[in-house]
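Here the structure is laid out as structure tokens; the discussion comes afterwards.
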Number of protein chains: 2
Amino acid sequence: MASVDRTVIADLPLFAGLAPEQLDELLREAQSVRYPKGTTVFQQDAEAHSFFVLLHGHLRVYKLTPDGQQVVVRFVSAGEVFGVAMAIGRTTYPATAVAVVDSIALVWPSVAWPRLIAKHPTLAVNTLQTVGSRLQDAHARVVEMSTEQVERRIAHALLRLAQQSGRKVEAGVQIDFPISRQDVAEMTGTTLHTVSRVLSAWEDRGFVASGRQKITILEPHRLFVLAEGGLP
Amino acid sequence: MASVDRTVIADLPLFAGLAPEQLDELLREAQSVRYPKGTTVFQQDAEAHSFFVLLHGHLRVYKLTPDGQQVVVRFVSAGEVFGVAMAIGRTTYPATAVAVVDSIALVWPSVAWPRLIAKHPTLAVNTLQTVGSRLQDAHARVVEMSTEQVERRIAHALLRLAQQSGRKVEAGVQIDFPISRQDVAEMTGTTLHTVSRVLSAWEDRGFVASGRQKITILEPHRLFVLAEGGLP
DNA sequence: GGCTCTCTTTGCGCGGCAGCAAACAGCAGC
DNA sequence: GCTGCTGTTTGCTGCCGCGCAAAGAGAGCC
């Protein structure tokens, strides 16, 4: 297996404040693994044997309800830690992660975690920040679902996606991985039918351009106003 | 100010793995503060000057939306850490905390946090677990709000309240702080009217007994079946 | 005790959105 | 090119739960 250069991870928030030698030391324990599109990286309720840093690609993380419905927890972009079940006191993964495009991740065995944070407490501090910001995202989502109706929730979801995974193209900002109406529906607690209707309406108004598994935001500001409850 | 004995905090998860002398050292930097019923402990968007451990009482933590609606994030019970904004990389509080009964908390200045975790990395690790379990709660809530209808969400909310703040009484389990229909509505993303209707129906069926700012669960199992989607 | 304030209950009507159904359109594979 | 699959669009119907309104009931206070 090709060894990973430290410069690849040096700027990631997780490793902020660590010395080059410490990075090398951490990398020595990691494996770099390829996950072709469609592959499952880990499965909900399975033993949390590893934790990960995504080097390349995009993952879709979702929870499955007892009655078989899926809820998208988030999409993971390159540079993010994920699967840190052990760190938050779990022995199994709370969700399933699937590669939506060909992806590459660094993989550490979970059993190494206690030793790593004992040796590099900065890791725990950085992870705390990461988990904390995810907690805030989750709360923001709870607030949205409690108080906003569907159209505004969808607007918020798209803006968030654009912010973390947007790619600038001529016409606007495109979400740079394949995403279906069903995905957006599972992020916002609605149905693909409703998402389709809303996107069609926006397309007519020129806010977005969308196609099969593809969404481009043409008028981010208009969408923002709509998300905040204004009448654009 | 009366100094706090270490035995009061020795068994709290936050301080797990710390030696008695370390506890004393931490306590020396803390103040014990009383918050009479109705008092605001901290306010959303205010400078996060302190973090806290609740010694006695109950707090209601809520977020205010731009249009003035409240969403209850959680209720804090004795023994829990709260207001750890600084630890998760914020400079302001993301929500407001109000005492729903007379309460007492230990208060540390936020500026001490970096020094404290540098000296006691265990604190960061323990906080990570706490924040992690809150993240899971938040995600569970997102899943519920996405996939369940109101009655089941209310059932889940009550069961969760009973679990963390239930007091066993003759007839069943009572939520041991004053809680209104409005509160339950703001936890589940519905209206006090609907909560009232649902509770009335349950009362008729004998699942719960409720009065003014008071809810007692008589048939936890029945409620559980209902929450999980069965027909009790 | 009586007053007032806050919390709760209940009825009624409407609307947003889900659920169902069926047609349509990219895209891949042969 | 054709075929099949998966994702998308759109119409229609029904109903859950919100919004409004108004009455009822505890609890605190003087």
Side-chain angles (χ1 to χ4, degrees), chain A residues 36-38 60 65 67-72 98 100-102 144-155 157-158 175 177-205 208-216 226 229, chain B residues 36-38 60 65 67-72 98 100-102 144-155 157-158 175 177-205 208-216 226 229:
Chain A
K37 177 175 178 169
R60 177 181 186 274
T65 65
D67 56 316
Q69 295 189 72
Q70 297 188 6
V71 175
V72 171
V98 173
V100 291
V101 294
D102 291 346
E144 285 172 20
M145 301 198 65
S146 296
T147 62
E148 298 176 3
Q149 24 199 63
V150 169
E151 189 174 34
R152 292 179 56 188
R153 298 210 301 269
I154 297 176
L158 288 198
I175 295 165
F177 55 83
I179 183 168
S180 69
R181 320 282 138 145
Q182 178 75 35
D183 290 329
V184 177
E186 286 170 8
M187 297 179 70
T188 51
T190 178
T191 62
L192 80 161
H193 308 273
T194 300
V195 172
S196 176
R197 273 181 261 265
V198 169
L199 286 186
S200 295
W202 288 350
E203 190 133 24
D204 291 345
R205 300 222 259 160
V208 303
S210 71
R212 191 191 175 82
Q213 307 218 72
K214 198 179 61 180
I215 303 176
T216 309
L226 202 158
Chain B
K37 177 175 179 170
R60 177 181 187 274
T65 65
D67 56 314
Q69 297 188 71
Q70 297 188 8
V71 175
V72 171
V98 172
V100 291
V101 294
D102 292 346
E144 283 173 21
M145 301 198 66
S146 296
T147 61
E148 297 175 2
Q149 19 203 64
V150 169
E151 189 174 33
R152 291 179 56 188
R153 299 210 301 269
I154 297 176
L158 288 197
I175 295 164
F177 55 83
I179 183 167
S180 70
R181 320 282 139 144
Q182 178 75 35
D183 290 328
V184 177
E186 286 170 7
M187 297 179 70
T188 52
T190 179
T191 61
L192 80 162
H193 308 274
T194 301
V195 173
S196 176
R197 276 181 259 265
V198 169
L199 286 187
S200 295
W202 288 350
E203 190 133 23
D204 291 346
R205 300 222 259 162
V208 303
S210 71
R212 190 189 174 83
Q213 307 218 72
K214 199 179 63 183
I215 303 174
T216 308
L226 202 158

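Residue numbers begin at 1 in each chain, while the letters A, B, ... track the order of the sequences. Since this is a predicted model, take the numbers as computed values, not measurements.
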Could a donor-acceptor pair under 3.5 angstrom be found where the side chain of A/Arg197 meets the base of C/dG16? no

Keeping the roles fixed (side chain from A/Glu203, backbone from A/Ser210), state whether a donor-acceptor pair exists under 3.5 Å. yes

Under 3.5 Å, is there a donor-acceptor pair between the side chain of B/Arg153 and the main chain of B/Glu148? yes

Looking at side-chain heavy atoms only, is the closest gap between B/Thr190 and B/Val184 below 4.5 Å? no

Could you tell me whether the side chain of B/Asp102 and the main chain of B/Lys37 form a donor-acceptor pair under 3.5 Å? yes

What closest approach, in Å, do A/Met145 and B/Ser146 show between heavy atoms, and which atom pair accounts for it? CE-OG, 3.4 Å

Minimal heavy-atom distance between A/Asp183 and A/Pro178, with the atoms involved, is OD2-O, 4.3 Å

Any sub-3.5 Å donor-acceptor pair from A/Ser200's side-chain atoms to A/Ser196's backbone N or O? yes

Mind checking if A/Ser200 touches a base, just sugar-phosphate, or nothing, with heavy atoms under 4.0 Å? sugar-phosphate

Using a 4.0 Å heavy-atom cut-off across all strands, classify A/Thr191 as base, sugar-phosphate, or nothing. sugar-phosphate

B/Leu199 CG - C/dT9 P separation (whole Å): 7 Å

Smallest separation among heavy atoms of A/Ala185 and A/Thr191, with atom names: CB-C, 3.4 Å

Candidate nucleotides C/dT9, C/dC7, C/dA18, ranked by approach to the side chain of A/Thr190 - the nearest: C/dA18

How far apart are the closest heavy atoms of B/Arg205 and B/Leu226, and which atoms are they? NH2-CD1, 4.3 Å

Reading DNA chain D in the 5' to 3' direction, which nucleotide is the first one with an atom under 4.0 Å from a heavy atom of chain A, and which is the last? D/dT6 to D/dC12

When the distance from CG of A/Leu192 to P of C/dC20 is rounded to whole Å, what number comes out? 13 Å

If I take atom CG in residue A/Asp67 and atom P in nucleotide C/dG19, what distance separates them, rounded to the nearest angstrom? 11 Å

Closest-nucleotide ordering on DNA chain D, the 5'-leading residue of A/Thr194 and B/Gln149: A/Thr194

Reading nucleotides 24-30 of chain C from the 5' end, what letters show protein touch, with B for base, S for backbone sugar-phosphate only, - for no heavy atom under 4.0 Å? -BBS---

How many whole angstroms separate atom NE2 of B/His193 from atom C1' of C/dC12? 13 Å

